[in-house]
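See below for the structure under consideration.
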Amino acid sequence: MPTKAQMREELERLRASLFQPYQDAKAAGDAAKMARLTEAAAAIDDLLDILAILDLMAAAARLETLRARIEALTKKALAWPFGDEEAPEDHEKPFVDEVPENDFEDEGPDKPPPPPPEPPEPAKPSKPPKPPKPPKPNEAPKPPKPPKPKNPEVIPVVSEGWSEAYLELWKTMDVSSEWARTANAIGKKIVANQGKYAHAVAGTKVPWWFVAVVHAMECSLRFDQHLHNGDPLTRRTTRVPKDRPPAGSPPFNWEDSARDAVAYDKLDKVTDWSLASVLYHWHRYNGINNEYKRRGIPTPYLWSGCQHYRKGKYVADGVFDANAVSRQVGAAVLLKALVDLGAVRIGRTQKVESNAAAANEDAATLDVDTSGADFKHIKAELDYPGLLKTGSVNTAREKAATRRVQEWLNIHDCVTSIDGDFGTSTEAQLGAFQMKFNRARTGELDPETWALLTAPMRRALAVADHGTQPSLESAVLTVARQHIRERPVEIGGNNRGPWVRLYMRGRDGSDQLWCAGFSCLIAAQAARDLGSKMPFPRQVSVDALVKDAKASGRFVRESEVGDPIARKSKIPPGSLFVVRRTSTDWTHVGIVLALKTTTFDTLEGNTGGDGGTDGANARIGNRSYPKKDFLRLI
């Protein structure tokens, strides 16, 4: 008796053997034979379905033993920080110890604690003021003496000893793949909430990512807890620091409480955001002179998750356990994850700077690959053109940049003239756009505003998730859907605007029909994502695409695919279709999304709602088979 595998192989062989007789019957016009062959193919398909069901029944016997493993893996995949769930309310917290008031003045890991600050001099008993001397004749009265200046507030600054220690630990830090995966997941969640962090530090020099990392350490990114120490916002803090914020009434708004935490720790006075200083300010947030320093343990508040930290932690405020191990990702390890994601950068001078594209709150858009001939022109569309504001636009370059700003404002429904003049209308609409994204309304083009304006293009060009073993055709469909979700559209005239320039290598204008440019860029991006080469030469002419496909054996005539069986075997979704006007002229090209009996779904650019050509949009469509030929990708 044959096995199921042998039966399946024989049925598939019989199924394939029907193709040529079907073509012969079709050529002879024998409709009855075509119907019998179609019926036979359907019967074979039914038998193949039955075999698949038998396979499922056999697998079902093993299902119960697999269920527990699947549920455990699913629970882990969906748990914080990997899934969409919040961290539990009783998440691990970095408890603190009592430290001296001038803890921030500590000189280094091998230095003694700072001496206690000198107590203030007792106030001298006040003497009654002396009566003013009467002015001499003809003498003008003297002005009162100005009050003596108060002692200036001490701003915490990293010492040389700690600076050297931090930089050496950073340089030698090694993070295992498991810890890196967790840190990366938290980093993505941090980026996804960039707007909240930016709003909390608005008007200060404190970087949004600094507060975000504190939020991860103290609150596990929960927005119902105080940034000071993870206490609930429903009341003032009860742990160190206690009774914060002092003003207002609970329940507190997270941003307001965060601003109080920033001011309480004098972070709003800090001007040095170099790497060593950043690590120092995180360190002092949790306390420096504690058991970690006394025992020579690199603090887990910074180094948990890398080889520098092994064990020992506070299990409650003031309670240290030498054998307890922190499972939190330390602030330094989180910073490394943000650097790896591209959310922040560390420059040659060791200054830590934010990537303005983080304003889009999507880690996939942080670093758009503009290398290679197919993508290098995109840099001009995405690079920040510099500060633009009313009265500052004079040069040709600034006017061209202003036009780009005006184009994107109109795409975002903030309508203004596209004339290169940064006037009051452009300023007003740019301010309105900023308010839509909870940014300060300045009416000026800063890096974050530019990143928000160009966010749709960044999302379209981001590396897509193509699964485990994608084909080039499936990757093309994924990328095309990703572009069409962003609603590419002409703006400022026929075949004009940033989307047209994207697909046409920097060119736009009435003669720049862009359907071929759209299809070619999609194919090039799919190939880039898969790490392969563009499968065919880029063309901006549909006729040129057809000519190349004919030369390389990829051209499929309408006459070759006149029935469903032939179409299924010769036109895989992800292939291109071309609209034929004459036997030597093709006027439009797009991507085949799905094959149906009498029509096929499409993904295409430079089209309109009527399914015509030279339209203003990229969109999903549907077309019939007559007067269409097809181009395979490979």
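We number each residue from 1, following the sequence as shown. Note that the structure is a prediction, hence the values are computed from the model and not measured.
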Q) Do any N or O atoms from the side chain of Trp209 and from the backbone of Val344 form a donor-acceptor pair under 3.5 angstrom? A) no

(Q) Less than 4.5 Å apart, side chain to side chain, heavy atoms only: is that true for Trp408 and Ile491? (A) no

Q. Do side-chain atoms of Gln539 reach the backbone of Cys520 as a donor and acceptor pair under 3.5 angstrom?
A. no

Q) Given Tyr384 and Glu448, is the side-chain contact (heavy atoms from CB on, under 4.5 Å) satisfied, shown in steps? A) CA-CA 9 Å; Tyr384 174 55; Glu448 280 199 0; over 6 Å; no

(Q) How about NZ on Lys436, more than 12 heavy atoms from neighbouring residues, nucleotides or ligands closer than 6.0 Å, or not? (A) yes

Q: In plain terms, say whether Asp601 and Lys596 are close enough for a salt bridge, that is, a side-chain N and a carboxylate O under 4.0 Å apart.
A: yes

Residues 386-393 side chain polar contacts: donor-acceptor under 3.5 Å, at least two apart:
{"residue": "Thr390", "atom": "OG1", "partner": "Glu427", "partner atom": "OE1", "Å": "3.2"}
{"residue": "Ser392", "atom": "OG", "partner": "Lys389", "partner atom": "N", "Å": "3.0"}
{"residue": "Ser392", "atom": "OG", "partner": "Lys389", "partner atom": "O", "Å": "2.8"}

Q.
Could you measure the distance from the CD atom of Gln482 to the CG atom of Asp529? Nearest 0.5 Å is fine.
A. 7.5 Å

Q. Tell me, do Arg345 and Asn355 make a side-chain contact under 4.5 Å, heavy atoms counted?
A. yes

Q. Do side-chain atoms of Trp499 reach the backbone of Ala618 as a donor and acceptor pair under 3.5 angstrom?
A. no

Q. Salt-bridged, Arg580 to Glu558, with N to O below 4.0 Å?
A. yes

Q. Between Arg623 and Glu604, does at least one N-O distance fall below 4.0 Å, as a salt bridge requires?
A. yes

**Q.** Ile484: which of Ile522, Leu603, Leu593 passes side chain to side chain contact (heavy atoms under 4.5 Å, CB included)
**A.** Leu603

Q.
Under 3.5 Å, is there a donor on one side chain and an acceptor on the other for Gln406 and Ser417?
A. no

Q | Set of side chain to side chain donor-acceptor pair (under 3.5 Å) partners for Glu381, sequence neighbours left out | A | Arg501

Q: Ignoring hydrogens and angles, tell me if any N or O in the side chain of Arg439 forms a donor-acceptor pair with the backbone of Phe437 under 3.5 Å.
A: yes

Q: Measure up the Trp208 and Tyr197 rings against each other and bin them: parallel (under 30°), tilted (30 to 60°), perpendicular (over 60°).
A: parallel

**Q.** Gap separating the CG atom of Asp272 from the OH atom of Tyr280, nearest 0.5 angstrom
**A.** 11.0 Å

Q | Side-chain touch Asp256/Arg259, heavy atoms, less than 4.5 angstrom | A | yes

**Q.** Whether over 12 other heavy atoms sit under 6.0 Å from Lys188 NZ
**A.** no

(Q) Is it the case that the side chains of Glu473 and Ser575 hold a donor-acceptor pair, with the cut-off being a distance below 3.5 Å and no angle test? (A) no

Q. Tell me, which pairs form a salt bridge (Lys or Arg N to Asp or Glu O under 4.0 Å) where one or both residues lie in residues 544-554, sequence neighbours left out?
A. Asp548-Arg554

**Q.** Distance-only donor-acceptor check, side chains Gln429 and His412, under 3.5 Å
**A.** no

Q: Nearest 0.5 Å please: distance from the CD1 atom of Ile571 over to the OH atom of Tyr625.
A: 6.5 Å

**Q.** Sole residue of Arg619, Arg459, Arg458 in salt bridge (charged side-chain N to carboxylate O under 4.0 Å, His left out) with Glu486
**A.** Arg459

Q: Check whether the ring centres of Trp273 and Phe210 lie less than 6.0 Å apart, and answer yes or no.
A: yes

Q) Do you see a donor-acceptor pair shorter than 3.5 Å between the side chains of Glu490 and Gln512? A) no

Q.
Test of understanding: with side chain to side chain donor-acceptor pair (under 3.5 Å), list the residues that count as partners of Asn438, not counting sequence neighbours.
A. none

Q) Within the side chain of Ser532, is there an N or O that forms a donor-acceptor pair under 3.5 Å with the backbone of Arg528? A) no

Q | Beyond-backbone contact of Pro470 with Leu530, side-chain heavy atoms, under 4.5 angstrom | A | yes

Q.
Is it true that, when you exclude Arg441 itself, more than 12 heavy atoms of the residues, nucleotides or ligands shown sit nearer than 6.0 Å to its CZ?
A. yes

Q: Report yes or no: does His483 contribute a side-chain atom to a donor-acceptor pair with the main-chain N or O of Ala460 at less than 3.5 Å?
A: yes

Q | Close side-chain approach of Leu227 and Tyr285, heavy atoms under 4.5 Å | A | yes

Q: Determine the interplanar angle of the Phe600 and Phe577 rings, folded into 0 to 90°, and report it as parallel if under 30°, tilted if 30 to 60°, perpendicular if over 60°.
A: perpendicular

Q. Ignoring hydrogens and geometry, is there a side-chain-to-backbone donor-acceptor pair from Asp543 to Trp586 under 3.5 Å?
A. yes

(Q) Let's go through Val463 and Asp369 carefully: what are the C-alpha distance in whole Å and the side-chain angles of both, what is the deciding distance for side-chain contact (heavy atoms from CB on, under 4.5 Å) to 0.1 Å, and is it a yes or a no? (A) CA-CA 9 Å; Val463 175; Asp369 185 359; 5.9 Å; no

Q.
With heavy-atom distances below 4.5 Å as the criterion, would you say the side chains of Phe375 and Val368 are in contact?
A. no

Q.
Closer than 3.5 angstrom, by distance alone: can the side chain of Asp508 be matched with the main-chain N or O of Gly497 as a donor-acceptor pair?
A. yes

Q) Under the ring-ring contact (aromatic ring centres under 6.0 Å, His included) test, which residues partner Trp514, sequence neighbours left out? A) Tyr503

Q. Between Asn360 (side chain) and Asp362 (backbone), is there a donor-acceptor pair under 3.5 Å?
A. no

Q | Option from Val546, Val542, Val476, Ile591 for which side chain to side chain contact (heavy atoms under 4.5 Å, CB included) with Leu576 holds | A | Ile591

(Q) Less than 3.5 Å apart, any donor N or O on the side chain of Thr449 or Asp446 sitting next to an acceptor on the other? (A) yes

Q: Please report the C-alpha distance between Asp629 and Glu560 in whole Å, then the side-chain angles of each, then the deciding distance to 0.1 Å, and finally whether the side-chain contact (heavy atoms from CB on, under 4.5 Å) criterion is met.
A: CA-CA 9 Å; Asp629 299 313; Glu560 298 177 55; over 6 Å; no

Q: Give the intermediate values and the outcome of side chain to side chain donor-acceptor pair (under 3.5 Å) for residues Ser425 and Thr416.
A: CA-CA 6 Å; Ser425 173; Thr416 187; 2.8 Å; yes

Q) Are a donor atom and an acceptor atom from the side chains of Asn622 and Thr599 found within less than 3.5 Å of each other? A) yes

Q: Verify the neighbour count for atom CZ of Arg507: are there more than 12 heavy atoms of other residues, nucleotides or ligands below 6.0 Å?
A: no

(Q) Between Glu353 and Ile346 (side chain of the first, backbone of the second, donor and acceptor by atom type, cut-off under 3.5 Å), is there such a pair? (A) no

Q | Arg181 to Phe82, cation-pi by 6.0 Å centre distance and 45° axis angle | A | yes

Q: Can you sort out the partners of Thr424 under side chain to side chain donor-acceptor pair (under 3.5 Å), two or more places apart, ordered by chain and number?
A: none

